[in-house]
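Here the structure comes first, spelled out in structure tokens, and everything after it is commentary.
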There are 2 protein chains.
Amino acid sequence: MTDIKSGVNLLFLREEELRQGIELLYFAYRGFTEEPDAILADYGFGRAHHRVIYFVGRRPGITVSELLATLRITKQSLSRVLGQLIDDQFITQRPGLRDRRQRLLELTAKGVDLERLLTEKQRARIAAAYREAGPEAVEGFRKVMLGLIGEADRRSFTAAGLRARERR
Amino acid sequence: MTDIKSGVNLLFLREEELRQGIELLYFAYRGFTEEPDAILADYGFGRAHHRVIYFVGRRPGITVSELLATLRITKQSLSRVLGQLIDDQFITQRPGLRDRRQRLLELTAKGVDLERLLTEKQRARIAAAYREAGPEAVEGFRKVMLGLIGEADRRSFTAAGLRARERR
DNA sequence: ATTTTATGTCAGTCATATTGACTTATATGC
DNA sequence: GCATATAAGTCAATATGACTGACATAAAAT
């Protein structure tokens with residue numbers, strides 16, 4: 001009897017634990033985007049603009065195709081957003097040195113400012129969560145998050161991925 | 001000299017650590033939604049439908065206003081999605097007992113099946129990540145994620161929040 | 001010289017969200 | 001009991017971010 005009962009309880013706890021995991025991700029992601037979203041609205045931009053600004057800031061000189069691969073959207077989708085950011089002078093393009101078909105993307109000074117403004121909110125939020133939780137918890141957080149990330153994206157977080165980026 | 005240099009390095013590491021945190025969230029969330037998204041497409045549904053199915057499954061008898069508050073969308077937005085799910089018989093409505101203005105929402109058998117199908121992928125992904133990372137890491141993960149979640153949403157994860165729900 | 005690649009563009013469509021205005025039914029407070 | 005508030009729903013217009021498909025141009029690679 002106790003065997004069956006505790007078995008059921010274990011199953012229930014497991015189910016509950018996993019569902020809480022799902023919800024943690026959902027709510028954390030939402031909490032994470034709402035502040036930048038509010039700022040972006042003042043500029044007439046949306047979340048898509050933030051993602052472009054973020055990754056161009058993160059990897060200066062990134063090509064259009066690398067950006068497309070990172071964001072996993074079509075070039076038509078990127079085009080509108082990137083075009084606006086270039087028109088409004090948050091991002092500049094220059095031709096690749098070794099391959100002149102490429103457009104290497106970089107933030108302008110104005111772009112760096114906006115990137116800071118937007119990401120600062122997110123960094124502050126993460127910093128606060130890390131501080132409260134402590135270094136051990138942070139280590140666990142990173143382990144679990146890495147496990148959640150798809151194989152394809154995981155490379156962005158390995159030494160190999162970082163080295164590949166240096167080659168431009 | 002070493003003081004300055006290590007100070008700079010610490011700043012750099014901190015910046016890098018925080019940026020990696022941002023990216024972990026971005027990629028984990030994307031990895032987390034892509035499988036259900038693919039299934040939903042077969043039903044002519046989108047991510048919004050999944051969210052509704054999920055929370056109705058999670059809190060059977062949830063009212064429309066509670067669902068709106070959970071999802072933080074307008075009733076006009078919910079209306080289309082919920083209407084489709086009711087038309088297609090994934091969700092049923094019944095009037096509230098104490099307040100007949102309310103529509104209490106529940107999954108049908110068909111709805112439960114779809115909910116399982118969709119969430120199973122996510123549960124499996126979390127289960128695998130938890131298993132690989134180990135119980136200590138899971139504890140850390142939960143601590144950090146809770147810290148990332150906005151004050152308003154955090155209540156969903158406390159005993160008080162759970163108790164409030166029982167009252168229907 | 002041909003083919004492939006990197007980028008860009010035009011056109012049409014869809015899903016998800018918004019604001020604003022208004023309706024209906026029911027509950028609640030005085 | 002009547003006025004007001006609340007729960008839910010609807011109509012209309014709009015914005016954002018994504019998609020597919022077709023086609024164009026320049027430069028690199030074979």
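Every chain is numbered from 1 and lettered A, B, ... according to where its sequence line falls, protein lines coming before strand lines.
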Generate the contact string for nucleotides 17-27 of chain D. Rules: B means base contact, S means sugar-phosphate contact only, - means no protein heavy atom under 4.0 Å. BBBBBB---BB
Checking A:Lys110 side chain against A:Asp88 main chain: does a donor-acceptor pair fall under 3.5 Å? yes
Would you kindly give the CG-to-P distance between B:Leu85 and D:dG9, to the nearest whole Å? 13 Å
Calculate the interatomic distance between B:Leu78 atom CG and C:dA15 atom P; express it in whole Å. 17 Å
When rounded to whole Å, the CZ to C1' distance for the pair B:Arg94 and D:dA7 reads 16 Å
Under a 3.5 Å distance rule, please check whether B:Glu136 uses its side chain to pair with a backbone N or O of A:Gly140 as donor and acceptor. no
Would you kindly give the CG-to-P distance between B:Leu67 and C:dA17, to the nearest whole Å? 11 Å
In this structure, how many angstroms lie between the P atom of C:dT9 and the CG atom of A:Asp87, rounded? 10 Å
Output, in order, the C-alpha distance, side-chain angles, deciding distance and verdict of side-chain contact (heavy atoms from CB on, under 4.5 Å) for B:Val56 and B:Leu85. CA-CA 11 Å; B:Val56 171; B:Leu85 290 170; over 6 Å; no
Grab the CG-P distance between A:Leu82 and C:dT9 for me, whole Å please. 10 Å
For A:Ile149, is there any backbone N or O sitting under 3.5 Å from a side-chain donor or acceptor partner on A:Arg154? yes
Ring centres under 6.0 angstrom apart (A:Phe90, A:Phe45): yes
D:dA8, OP1 or OP2 - any side-chain N/O from B:Gln93 closer than 4.0 Å? no
Salt-bridge test for A:Arg125 and B:Glu151: reply yes if a basic N is under 4.0 Å from a carboxylate O, no otherwise. no
Atom CG of A:Asp37 to atom C1' of D:dA15: distance rounded to whole Å? 14 Å
Is the distance from OP1 or OP2 of C:dG8 to the nearest side-chain N or O of A:Arg103 less than 4.0 Å? yes
